[in-house]
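What follows is one structure encoded as structure tokens, with my remarks underneath.
Only a predicted model underlies this, so the values are computations on that prediction, with no experimental measurement involved. Protein chains get the first letters and strands the later ones, always in sequence-line order, with residue 1 at the start of each.
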Amino acid sequence: MTEVIATNETILVVGGGISGMTAALEAAETGKQVVLVEKRPYVGGRVTQLYKYFPKLCFPTCGLEINQRRAKMNPNLNIISMAEVTDIKGEAGNYTATVKISPRYVNENCTACGDCAKAVEAEFDDEYNYGLGKRKGAYLPHRMAHPQRYVLDPAIIGTDDAQKAKDACKVNAIDLDMQEEVIEFKAGAVVWATGWKPYDANKIQPYGYDRIANVITSVEFERMADPNGPTGGKLTRPSDGKEVKSVAFIQCAGSRDKNHLLHCSRICCMASLKQATYPADEVAISIYYIDIRAIDRFEDFYQKVKAKENVKFIKSKVASIVENKENGNPTLHGVDTEGYNRYADEHDLVVLAVGMEPSVDKASFPVEITINEEGFIEPAPENGGVFAAGCSSDALDVNRAVQHATGAAMRAIQVVNRVAATEG
Amino acid sequence: MSDLNTAMIEKYRSSFLKEVEANVEEGEWVKMCMQCGVCSGSCPLGKHWEHPPQEIFMMIRAGKREDVLSSDSMWMCTSCYNCIARCPRGLPITHIMHGLAVYSKRLGLTPQKQPTAEFSQIFWDNLMKKGRVNELKLGLSMYFKDGFGQGIKNAMANQKLGQNMMKAKRMNAMEFFGGHSVKDLSGFQKIIKKAQEIEAGNIKEFK
Ligand SMILES: Cc1cc2nc3c(=O)[nH]c(=O)nc-3n(C[C@H](O)[C@H](O)[C@H](O)COP(=O)(O)OP(=O)(O)OC[C@H]3O[C@@H](n4cnc5c(N)ncnc54)[C@H](O)[C@@H]3O)c2cc1C
Ligand code: SF4
Ligand code: SF4
Ligand code: SF4
Ligand code: SF4
């Protein structure tokens, strides 16, 4: 049974991405008791799936490692992974949260030796790689996962594979009898940091993501660029494995659009500019855009990418993509708004710079909360002791998400301090 | 925003944009265009346009009154609705195109011999006579619009089509002699006259 010791002075953080981790650590390091509930088997959220960070082009693993070390060293922070908050009752200073924990089938004894993964046969789409590759039924979600502990896919439970995994484990870490648990505990304040998800590219009908193999999304491109990713960092085409010589980026794919997301997702211009630096200089890159929104200090980065000889900018929202059946090349159709020239441009690979939408939809919040037109959490007094952090509040880059999360931690601390003062 | 600022914006705003907003159907949408280019790229007729929709909207904002109103572009629109389906700002582009065509016609700026404009006129005249469209006469007017000789040639070329339509009871040869009208023809004509008066009364003058 999972033990949680919590009081009305405890801060509950929902979501352990970079924002939730930041809020949890900031609060825990001031001496507050913090419980972090994360849906995935590991913390870090979507930044763990990025190859590099703009604007410095450093690796996300670096910052994540620091956070993980801070987390390990702090006795005030209790991380519950593979868990979801299903209900929150009460008011600021006196909440009761219900949390459902899914069985991992692997306990703390695990040394991440990997023997169980070798023993099992069944393979599944690898969600960490956005389905670009496969993973085993016993797996470590990714190389740097924290906690460094394997997971058994629930689909193998009751099959031979489950027994094979158990037999392979020398340290008795696999417990096939683990059950789903539902626990309840108290909290004085809640930080809501459930983040974002990529807009479903299948909904952008004219771009043919569902029909054309060589049309991919920006989140998939991050995985392809990573040397530890499904293609070993090689830029190859999904249709035929051919080396990619020309890439097109389509901006605002699903953003700033009445038919899709109304808002500008803010990070995708910078994400594409960053991704334009991933391929070798011989690869021709074309960026199709409405306008480039490299906000404030990112202008320098934009200028640097603009100066690169292999990068071309076309001011046009692409109208449609049609596959050239002979060579599998996606052909982009549209009108260049600087000169009103029609084009039909073929590329080896097309990357849709998909927008960001909130990961939790309006109807599924387990607590009363004010949501704006775009589905993000508004900072409203009616939210009581629930404070949004990071991308659950808006489309933000890491820097802004972390700043926002620190602010949310401050507000949560104020609430539990008030409780402490009255309870004395 | 201060009153002075609002007054200045009004004073210096392109007066052609104002004119379009006031006098063209759905014209008030033009300012919402963000010049993304999707409508132009999506228009199946786009190759044949002098100015694709997005360019027309830019020209309106740039005050290119004569160029827009005497252009043949908006007459090319086939109402396929591709542009409306894709416009990220939700502009009713098709309707604006038709609105511009109607307005240019009202002002007498439509290019000579523009086929869509010619057909529209023939259709309208035909409709006004009996309150319903006489398809036989409409077809014949189209055939003969460029003179008697050309008319005979056109009629011969489409003979089969005409015969088939008669067989399928889609057209009746007797309609050539007068043709039947709506029940209350004079009532119909009064309605149209009133509608035209109202429409004319709504037009605002711009210098
Ligand atoms: C293609 C692309 C490239 C990018 N590149 C960069 C870059 O180079 N530099 C940069 O600064 N930013 C970049 N970003 C933006 C960056 O990814 C975000 O700023 C960052 O992920 C925000 O972190 P977060 O913690 O708010 O959200 P997330 O990373 O989404 O974390 C949310 C966490 O909450 C968990 N969760 C969700 N729902 C629940 C639930 N119901 N219960 C419990 N837990 C839940 C999730 O599993 C996840 O772990 C990029 C974005 C994209 C799309
Ligand atoms: S569960 Fe056992 S076999 Fe699997 S990685 Fe952990 S220690 Fe190794
Ligand atoms: S950041 Fe750029 S690509 Fe993303 S929605 Fe905004 S303008 Fe479009
Ligand atoms: S699609 Fe809409 S917003 Fe884009 S150029 Fe056309 S009218 Fe303007
Ligand atoms: S409705 Fe008219 S303007 Fe719009 S795409 Fe079709 S033909 Fe072009």
- Message: At a heavy-atom distance under 4.5 Å, which candidate from A/T337, A/I290, A/L262 has the highest pair count against chain B?
- Response: A/T337

- Message: Are there over 12 heavy-atom neighbours, none belonging to B/K130, within less than 6.0 Å of that residue's NZ?
- Response: yes

- Item | Spatial distance of atom NZ (A/K317) from atom CD (B/Q35) [nearest 0.5 Å] | 14.0 Å

- Would you find more than 12 non-hydrogen atoms of other residues, nucleotides or ligands less than 6.0 Å from A/K52 atom NZ? yes

- Over 12 foreign heavy atoms within 6.0 Å of NZ, B/K190: no

- For B/M58, is it the side chain, the backbone, both or neither that has a heavy atom under 4.5 Å from a heavy atom of chain A? side chain

- Query: Is it the case that more than 12 heavy atoms not belonging to B/K137 sit under 6.0 Å from its NZ atom?
  - Reply: yes

- Message: With a 6.0 Å cut-off (strictly less than), is the heavy-atom count around CD of A/Q303, excluding the residue itself, greater than 12?
- Response: yes

- Residue B/E135 excluded, over 12 heavy atoms near CD under 6.0 Å: no

- Query: Non-hydrogen atoms of chain B under 4.5 Å away: do they reach the side chain of A/R256, the backbone, both or neither?
  - Reply: both

- Task: Please look at B/C87 and chain A and tell me whether the side chain, the backbone, both or neither of the residue comes under 4.5 angstrom of a heavy atom of that chain.
- Result: backbone

- Choice from B/G37, B/G90, B/G41, B/C36 maximising heavy atom contacts with chain A below 4.5 Å: B/C36

- Message: Counting C-beta onward and ignoring hydrogens, is there a side-chain heavy-atom pair between B/K47 and A/R342 closer than 4.5 Å?
- Response: yes

- Query: Just wondering, are more than 12 heavy atoms of other shown residues or ligands nearer than 6.0 Å to NZ in A/K362?
  - Reply: yes

- Output yes when a side-chain donor or acceptor of A/N259 lies under 3.5 Å from a complementary backbone atom of B/A85, and no otherwise. yes

- Task: Give a yes or no on this: more than 12 heavy atoms of other residues, nucleotides or ligands lie within 6.0 Å of atom NZ of B/K145.
- Result: yes

- Minimal non-hydrogen separation, B/V38 against A/V318, with atom names: CG2-O, 3.7 Å

- Do B/Q54 and A/Y340 have side-chain heavy atoms sitting under 4.5 Å apart? yes

- Query: Got B/R86 and A/P206 here, is their nearest side-chain heavy-atom distance under 4.5 Å?
  - Reply: yes

